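Quick caveat: nothing in here was measured; it's all calculated off a predicted structure. Proteins come first, then strands; the chains are lettered A, B, ... in the order of their sequence lines, and each starts at number 1.
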Amino acid sequence: METPEKTASRPIDFIRQIIADDLRTGKHRTTVTRFPPEPNGFLHIGHAKSICLNFGIALENNGVCHLRFDDTNPSKEEVAYVESIMRDVRWLGFDWHDKLFYASDYFPALHDYALQLIRLGKAYVCELSAEAIREYRGTLTEPGRESPWRNRSVEENLHLFERMKTGEFEEGSHVLRAKIDMASPNLNLRDPVIYRILKVPHHRTGDTWCIYPMYDYTHCLSDAIEGITHSLCTLEFEDHRPLYDWVLDTLQTPCHPQQIEFARLNLTFTVMSKRKLLQLVKEGYVDGWDDPRMLTISGLRRRGYTPAAIRNFCHEIGLGKRESWIDMTVLENAVRDDLNATAPRVMCVLDPVKVVIDNYPEEQVEEMEAVNHPQDPAMGSRMLPFSRELHIERADFMENPPAKFHRLGPGREVRLRYGYLITCTSVVKDEDGTIREIHCTYDPATRGGSTPDGRKVKGTIHWVSARHALPCQVRLYDRLFVAENPEADKDINFKQHLNPHSRICIEAAMAEPSLTDLAAGTQVQFERQGYFCADTVDSQPGKPVFNRIVTLRDTWAKTQQKIN
RNA sequence: UGGGGGAUGGUCUAAUGGUAAGGCGGCGGACUCUGACUCCGCUUAUCGGGGUUCGAAUCCCUGUCCCCCAGCCA
């Protein structure tokens, strides 16, 4: 990992406690964990929690963490997803070394185990239709009924299963089921289907198979084959643990990993399910999986989030078993924290209005030195051209400012950061009343923004020289949803809570000229505005396009709200 | 209403029979050439009712509320 984690004092979570106990008692010498995504979509911030957990445990215990694709349903899976997942895990800063696996690698072994199950009398080929199986399963309160095919002979089952494999039967006509207990109060144990016929080519095994194993059967065996010590998953699989254990207890497997469940991540003002994210992409509400408003890993990356920020976030939120909602501000804070330390400061005027310094020589240009980071001198400094005509932020001027307004107004003095102190003398307006020019005078004794006479100036504002400014496109991103929980009301479609202002494009912001050749993907702080990143897709050489990652904390905006 | 989980300030996480702690948020203040950063202060909690105990968030009983499960998805 390139960045050391924040040493936040957080007690270890219940999973790490279990692991520490297992290590201490000698149950295990080391840890083998795994991150097992299904390649049917892009990874999102919720997956990051699991990635940081599993790979983090490996790092902490000198163990290993496998990356295993759970690719047992070829009708939903694609290589493109495999590639994006590998990229995202690497980008987050984790390394699976040579431990890259696919559940599909185990199809032959899984098939052998199925044969074993049949020979044990613990699995049978069932010819009930999908609907019939559902009916036979019973309900939450009533037991199920046994399938009429449940008591076939081992030989017949073997023969039928072979015929399923060779493609003799149609999809849906036959399945292989584990023979457990149709009366079990746990529905997962009512003879679950473990193999189904799917005449679909697989992205890795091609046409080799037309029967594919189900998750519950595959996952535990894959874990056992790989020698996983702790198999960590989310709460909804708690009910599946008895089945996980049944398969491994019934078959003679090399080991029996322990499944431990934890609560998935819920974040306010977003949706997390792959299905809903896919819907946003497919229906064009966002520009793709990597739209900077998406909380996918690729979206966060394009937005400008750093891997360290995401890792710190995953660490800060903790781990437990209760359903919890993490406030979006916690994520936003994590980037602010990281970028505050690492992002160079620059100036960019988002909503420009012209300032003319009447007593400044017409053709004169001065080079003003500006430090790149006020708390980190090692980041050096740069020179900013200063001239008679500048751009400042429209919001930094008010004709009739309220008491606490520390910025420019008629007769008021303000500091131009690293520039001069200027005082507003007059204003030029259009017919419609919008301000076109602000006229000022400057104090030559305040070069660089200093006050040799020691006078205090409340306000310091950012600016760029009009002649030297780099016009650029800036996208102001905000949260995608306006509702804290867009899925809360089942009668209201989550898309009705989309934020209509989640992206505001500014076509001609004015940036300081040093930004001209900023490399795409680089994060900077626009002073007094927020953290921005040169977009990796739309930036051109010499013509960067900026994404707002997150605003700076803005206490002025808060007090302003209170005034109104 | 069967089974499996869960309930600690606004929110997230600790305390593993012995002073209910910390982060985030919020509020107030200090500092400041970013109304940023940093620093300081404040605020608010053990789901209810019984019991065991010198002592209970923790153990027992009981009640309430919330989440998950009836895919040939994972």
Side-chain angles (χ1 to χ4, degrees), chain A residues 8-13 17 36-38 40 70-73 75-77 103 126 128-130 133-135 137-144 171-177 184-190 192-198 212 214-216 218-219 233-242 261 263 268 274-275 316-327 329-330 333-334 336-337 340-341 345 347 370-371 373-375 404-407 415-419 421 446 448-451 457-462 525-530 551-560:
Chain A
S9 53
R10 152 140 271 147
I12 69 167
D13 55 75
Q17 280 180 37
E38 182 188 13
N40 69 343
D70 228 331
D71 54 351
T72 57
N73 185 356
S75 60
K76 288 186 176 176
E77 297 151 9
C126 182
L128 252 24
S129 67
I133 286 183
R134 196 184 316 127
E135 283 165 28
R137 187 153 32 224
T139 67
L140 294 178
T141 50
E142 306 158 55
E171 275 186 24
S173 65
H174 294 68
V175 291
L176 185 70
R177 293 228 252 165
S184 171
N186 181 341
L187 300 241
N188 295 121
L189 262 20
R190 319 245 261 230
V193 172
I194 58 175
Y195 264 94
R196 79 288 215 189
I197 299 168
L198 246 33
Y212 293 93
M214 299 282 291
Y215 166 84
D216 284 307
T218 307
H219 202 84
C233 61
T234 42
L235 253 29
E236 68 269 27
F237 292 102
E238 216 150 15
D239 278 349
H240 296 240
R241 183 161 16 103
E261 308 85 12
T268 57
K274 274 192 208 172
R275 212 192 94 249
E316 279 167 23
I317 57 176
L319 192 68
K321 289 198 70 157
R322 52 184 128 158
E323 188 194 352
S324 59
W325 284 83
I326 305 293
D327 201 291
T329 57
V330 177
N333 253 327
R336 286 196 186 104
D337 259 19
N340 177 47
R345 271 69 214 222
M347 294 200 282
V371 300
H373 195 296
Q375 279 83 38
K404 288 181 181 169
F405 191 77
H406 295 164
R407 308 172 187 182
R415 171 186 290 115
L416 296 174
R417 186 132 161 105
Y418 306 121
L421 267 58
T446 59
S450 60
T451 51
V457 189
K458 275 268 178 62
T460 299
I461 64 173
H462 59 284
Q525 183 195 96
F526 288 176
E527 291 209 32
R528 306 209 304 132
Q529 296 286 357
T551 61
L552 253 33
R553 269 200 199 83
D554 192 350
T555 49
W556 166 241
K558 269 184 215 163
T559 57
Q560 215 174 12

**OP:** Compare the aromatic ring of A/Trp556 with the six-membered base ring of B/G35 and state whether they stack according to the 5.5 Å and 30° rule.
**Re:** yes
**OP:** Would you indicate, yes or no, if B/A36 has its OP1 or OP2 atom less than 4.0 angstrom from a side-chain nitrogen or oxygen of A/Thr555?
**Re:** yes
Original post:
Considering only B/G71, B/C72, B/C24, which nucleotide approaches the side chain of A/Val193 most closely?
Top reply: B/C72
Original post:
Which whole number of Å gives the distance between the P atom of B/U32 and that of B/G26?
Top reply: 24 Å
Subject >> Proximal nucleotide (of B/C68, B/C24, B/C73) relative to the A/Glu236 side chain >> reply: B/C68
Subject >> Residues A/Asp327 and A/Thr329: side-chain donor-acceptor under 3.5 angstrom >> reply: yes
Subject >> Side-chain (A/Arg196) to main-chain (A/Gly172) donor-acceptor, under 3.5 angstrom >> reply: no
**OP:** Can you tell me, in whole Å, how much space there is between the P of B/A15 and that of B/G50?
**Re:** 28 Å
**OP:** Quote, to the nearest angstrom, the C1' distance that separates B/A56 from B/G17.
**Re:** 7 Å
Subject >> A/Tyr195 and A/His174: CA distance, side-chain angles, deciding distance, side chain to side chain contact (heavy atoms under 4.5 Å, CB included) verdict >> reply: CA-CA 9 Å; A/Tyr195 264 94; A/His174 294 68; over 6 Å; no
Subject >> Spacing of the C1' atoms in B/U58 and B/A20 (rounded, Å) >> reply: 12 Å
Subject >> Atom-to-atom span, CD1 of A/Ile194 to C1' of B/A74 - whole angstrom >> reply: 17 Å
Original post:
Of the nucleotides B/G2, B/C72, B/A36, which has the atom closest to the A/Gln375 side chain?
Top reply: B/A36
**OP:** Please determine, for B/G26, whether a Watson-Crick or G-U wobble partner exists with both distances under 3.5 Å, and give it or none.
**Re:** B/C42
**OP:** Give A/Phe237 one of three labels, base, sugar-phosphate or nothing, depending on what nucleic acid heavy atoms sit under 4.0 Å from its own.
**Re:** base
Original post:
Going by the angle between their ring planes, with limits at 30° and 60°, are A/Phe237 and A/Tyr215 parallel, tilted or perpendicular?
Top reply: tilted
Subject >> base_contact_polar (B/U16 base, A/Gln17 side chain, donor-acceptor, <3.5 Å) >> reply: yes
**OP:** Could you check how far CG of A/Leu176 sits from C1' of B/G71, rounded to whole Å?
**Re:** 17 Å
Original post:
Taking the side chain from A/Arg415 and the backbone from A/Ser450, do they hold a donor-acceptor pair closer than 3.5 Å?
Top reply: no
**OP:** Look at the side chain of A/Thr141 and decide which nucleotide, out of B/G2, B/A74, B/G71, has an atom nearest to it.
**Re:** B/G2
Original post:
Whole-Å distance between B/G6 P and A/Trp325 CH2?
Top reply: 20 Å
Subject >> Listed nucleotide nearest any side-chain atom of A/Lys321, set B/C72, B/G3, B/G5 >> reply: B/G5
Original post:
When all nucleic acid strands are considered with a 4.0 Å heavy-atom cut-off, which category describes A/Tyr212: base, sugar-phosphate, or nothing?
Top reply: nothing
Original post:
Given B/G25, is OP1 or OP2 found less than 4.0 Å from the side-chain N or O atoms of A/Asn333?
Top reply: yes
Subject >> A/Asp71 side chain vs A/Ala103 backbone, donor-acceptor pair below 3.5 Å >> reply: yes
**OP:** Between B/A74, B/G5, B/C24, spot the one nearest the side chain of A/Tyr215, thanks.
**Re:** B/A74
**OP:** Check whether any side-chain N or O of A/Arg190 sits under 4.0 Å from OP1 or OP2 of B/G2, and answer yes or no.
**Re:** no
Original post:
Between A/Glu323 (CD) and B/G5 (P), how many Å, whole number?
Top reply: 17 Å
**OP:** Could you check which nucleotide pairs with B/G48 in any of the strands shown, counting Watson-Crick or G-U wobble with both distances under 3.5 Å?
**Re:** B/U62
Subject >> Pairing partner (Watson-Crick or G-U wobble, both distances under 3.5 angstrom) of B/C31 >> reply: none
Original post:
Whole Å only: how far is the CG atom of A/Leu140 from the P atom of B/C68?
Top reply: 13 Å
Original post:
Nearest to the side chain of A/Pro185 - B/G35, B/G2, B/U34?
Top reply: B/G2
Original post:
With no hydrogens and no angle check, is any side-chain donor or acceptor of A/Glu77 less than 3.5 Å from a backbone partner on A/Asn73?
Top reply: yes
**OP:** Mind calculating the distance between CG (A/Asn188) and P (B/A74) to the nearest angstrom?
**Re:** 13 Å
Original post:
What about A/Asp239: does its side chain form a donor-acceptor pair under 3.5 Å with the base of B/G3?
Top reply: yes
**OP:** Quote, to the nearest angstrom, the P distance that separates B/A36 from B/C31.
**Re:** 14 Å
Subject >> B/G71, syn or anti by chi within 90 degrees of zero >> reply: syn
**OP:** May I ask you to say what A/Phe405 touches in the nucleic acid, namely base, sugar-phosphate or nothing, with a heavy-atom cut-off under 4.0 Å?
**Re:** base
Subject >> A/Lys76/A/Glu38 ion pair, N-O < 4.0 Å >> reply: no
Original post:
Does the side chain of A/Arg275 get closer than 4.0 angstrom to OP1 or OP2 of B/A74 through an N or O atom?
Top reply: no
Original post:
Counting side-chain heavy atoms from CB outward, which of B/A70, B/G35, B/C73 is closest to A/Glu38?
Top reply: B/C73
Subject >> Integer angstrom distance from the C1' of B/U44 to that of B/G10 >> reply: 9 Å
Subject >> Donor-acceptor pair (no angle test) under 3.5 Å: A/Arg528 side chain, B/G35 base >> reply: no
**OP:** Using a 4.0 Å heavy-atom cut-off across all strands, classify A/Arg345 as base, sugar-phosphate, or nothing.
**Re:** base
Original post:
Which of the following nucleotides, B/G4, B/C73, B/C24, is nearest to the side chain of A/Glu238?
Top reply: B/G4
Original post:
When you check the phosphate oxygens OP1 and OP2 of B/G4, does a side-chain N or O of A/Arg241 lie under 4.0 Å from one of them?
Top reply: no
Original post:
Within the structure, does a side-chain N or O atom of A/Lys558 lie under 4.0 Å from either OP1 or OP2 of B/G26?
Top reply: yes
**OP:** Please check the phosphate of B/A36 (OP1 and OP2 only) for any side-chain N or O of A/Arg417 closer than 4.0 Å.
**Re:** no
Original post:
Has A/His219 got its ring stacked on the base of B/A74, with centres under 5.5 Å and planes less than 30° apart?
Top reply: no
Original post:
Expressed as a whole number of Å, how far does the C1' atom of B/U46 sit from that of B/A14?
Top reply: 12 Å
**OP:** Take atom C1' in B/A45 and the same atom in B/C54, then report the distance between them in whole Å.
**Re:** 26 Å
Original post:
Which part of the nucleic acid, if any, lies within reach of A/Pro143 when heavy atoms closer than 4.0 Å are counted: base, sugar-phosphate only, or nothing?
Top reply: nothing
Original post:
Could a donor-acceptor pair under 3.5 angstrom be found where the side chain of A/Arg322 meets the base of B/U8?
Top reply: yes
Original post:
Hey, is the side chain of A/Arg137 poking within less than 4.0 Å of OP1 or OP2 on B/C69, counting only N and O atoms?
Top reply: no
Original post:
Would you find a donor on one side and an acceptor on the other, under 3.5 Å apart, between the side chain of A/Ser184 and the backbone of A/Asn186?
Top reply: yes
**OP:** Check whether any side-chain nitrogen or oxygen of A/Thr139 sits under 4.0 Å from OP1 or OP2 of B/G2, and answer yes or no.
**Re:** no
Original post:
CD1 of A/Ile326 versus P of B/G10: gap in Å, rounded?
Top reply: 17 Å
**OP:** Among the candidates B/C69, B/G71, B/C73, find the nucleotide nearest to the side-chain atoms of A/Leu187.
**Re:** B/C69
Subject >> Whole angstrom value for the distance that separates P of B/C73 from CG of A/Asp71 >> reply: 15 Å
Original post:
Looking only at atom types and distance, does a side-chain atom of A/His219 sit under 3.5 Å from a main-chain N or O of A/Met214, one as donor and one as acceptor?
Top reply: no
Subject >> No-H, no-angle donor-acceptor pair, A/Gln525 side chain to B/U34 base, under 3.5 Å >> reply: yes
**OP:** Let me know, please, whether A/Leu235 or A/Ile461 comes out on the 5' side of the other along RNA chain B by nearest nucleotide.
**Re:** A/Leu235
